[in-house]
Each structure stands twice: as C-alpha cells, then as structure tokens.
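Remarks on the structure that follows.
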Amino acid sequence: MEIGIVTIFPEIFGAVSGFGMTRRALESGNLAFSVFDVRDYASDRRRTVDDRPYGGGPGMVLTPGPLAECIDAARQKVSGPVVYLTPQGEQFDQGTARELAGLSGLILLCGRYEGVDERIVETRVDREISIGDYVLSGGEFPAMVIVDAVARLLPGVVGNEKSVLEDSFNEGMLDCPHYTRPENFEGLDVPKVLLSGNHEEIRQWRMEQALERTRVRRPDLVRSAGRSETEN
C-alpha cells in the first residue's frame, strides 16, 4: 500500500517512518510513504500558504492554489482517494481502518488553522474523516494515527497476525485483560484459569471477560453488535 501525506509540516512525519510498526511496514515493503510539502507549491518568496478568511473572524485559512497543486502532484504518484482530516468528517474506527487497509493507495490531507478553503473540499477531496470529537492544531497527528492503524492491518506487518484478530473492536468488543510473569504481583494473582492449560476454558474466560468489559465501559458497542446487555 502507498500513502501520501499533504501537509505544511513534513518534518513531523519522521516519527512515522522512524519507529515501531510503521517503520517495520516500510522496511518490509508492505507500505510506501511519501510526504508532499504544500509550501513547495507557493508562488511567493515567503512560501505563503494561508490567508485571512473572507467575511472576517479569527484565524487563517489554507489557500486553494498551493493546496490544489500539491494534491495534484500527490495524485501523480499515489493512486487512491484523497481524505481530508477534519473534525467535520465521519468518525474513524477499526472498521474504517480495515476499509482503508484494503486500498492500494491513499492520500491524507492535513488541515491547519481554521481549515482549508472549501473549494478544495469540493474539487479535490473524496472523503472527510475525524479521529474524535475534539480539536487538534492540525491534521498531522490524525494522519499519523490513521497510518499506524492501517499499517498494522497490512499482511506480514505484525509478527503474529492472530494478535490483530484479537485486538479491541475487531469483533465489536473491547479486548480481554492480559497477564504475564510473575504469577503474583503485589499480592495480586494471575487468574487460575490462565494457568490451567485448558485452552477451551481459557478461550471461554477471555470471551466472557471481553464482553463484560465492553458492557461496563462501552455499552454502545454491545448494542451496535446486536447483543443484549445480559447475553452470555
């Protein structure tokens, strides 16, 4: 999969290419990554890419000219939809991550300030996505969230692919509790069932724990999965 990033702060994305799962995906060839600097397409010596909004009000808006040229350049290299990262977009979740991971390419447009000129949304953007009901300084951190969530779903990136299948949200539930050595820590013991060696009992315990945790912490997921809150 190839991902392009359209941004005015390309340096931020060294965190994506240099560490963790995304670095592994890049080194394995499962993921290709390109960053496009909007300022490279500015027409003045100061590399200006923003201006005051028509109608007045606080803040600045990213101007359409450099953005359009930058997105068009990204499209020449990366095939796939242009996704604008904005609080006004649809909510990003694990299902969306799986959907995006199935694409051959993707371009992520990072807004800044008050956002981008609406004519860019009308002429260049295929989809708008938000990672949550809060406001960040720009779309760069949401882009990194999406890249990480998508990269770990690509074949061959995660060492044990079963761990991806058992992640929170993958079956519409939160994950179950996990334990490792020592068996006793500060007076707290590992549940006996996990030491039993009985794989069926362990599987059942984990399923029950995941469902109970989801009922308590995210009852909306239980309802959306079509389970009653008393179902076992």
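Just so you know, residue 1 is the first one in the sequence shown, and it goes up from there. Below, all heavy atoms of this structure are taken into account, side chains as well, without hydrogens, waters or symmetry copies.
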Checklist entry - Would a 4.5 Å heavy-atom cut-off, applied to side chains only, mark Ile71 and Ile120 as touching? => result yes
Item to check | Check: Glu208 and Glu212 side chains under 4.5 Å, non-hydrogen atoms | outcome: no
Item to check | Heavy-atom side-chain proximity of Leu62 to Tyr113 below 4.5 angstrom | outcome: yes
Next on the checklist: Quick check: closest heavy atoms across Ala74 and Val6, and the distance to 0.1 Å?
Outcome noted: CB-CG2, 4.2 Å
Checklist entry - Would you call Arg119 and Glu122 a salt bridge, taking side-chain N to carboxylate O under 4.0 Å as the test? => result no
Show me, pair by pair, the donor-acceptor contacts under 3.5 angstrom made by side chains of residues 132-143, not counting sequence neighbours?
from	atom 1	to	atom 2	distance (Å)
Glu140	OE1	Arg112	NE	2.9
Glu140	OE1	Arg112	NH2	3.0
Glu140	OE2	Thr7	OG1	2.6

Checklist entry - Under 3.5 Å, is there a donor-acceptor pair between the side chain of Ser34 and the main chain of Gly4? => result no
Item to check | Side chain proximity check, Met173 to Leu211, heavy atoms < 4.5 angstrom | outcome: yes
Next on the checklist: Could you check whether any side-chain heavy atom of Phe33 comes within less than 4.5 Å of a side-chain heavy atom of Glu2, counting everything from C-beta outward?
Outcome noted: no
Checklist entry - Less than 4.5 Å apart, any side-chain heavy atom of Val216 and any of Thr214? => result no
Checklist entry - With side chains defined as the heavy atoms from C-beta onward, is the minimum distance between Phe92 and Ser130 less than 4.5 Å? => result no
Checklist entry - Looking at Ile5 and Cys110, what are the two nearest heavy atoms and their distance? => result CG2-SG, 3.8 Å
Under 3.5 Å, which donor-acceptor pairs do the side chains of residues 182-189 form with other protein atoms, sequence neighbours left out?
from	atom 1	to	atom 2	distance (Å)
Asn184	OD1	Gly187	N	3.3
Asn184	ND2	Asp189	OD1	2.7

Item to check | Minimum-distance pair of heavy atoms, taken over all atoms of Ala68 and Arg124 | outcome: CB-NH2, 3.4 Å
Only pairs under 3.5 Å count here: list side-chain donor-acceptor contacts from residues 47-58, not counting sequence neighbours, and write none if there are none.
from	atom 1	to	atom 2	distance (Å)
Arg47	NE	Arg39	O	3.4
Arg47	NH2	Asp40	OD1	2.5
Thr48	OG1	Asp44	OD2	2.7

Item to check | Any donor-acceptor N/O pair, Asp126 side chain to Val82 backbone, under 3.5 Å | outcome: yes
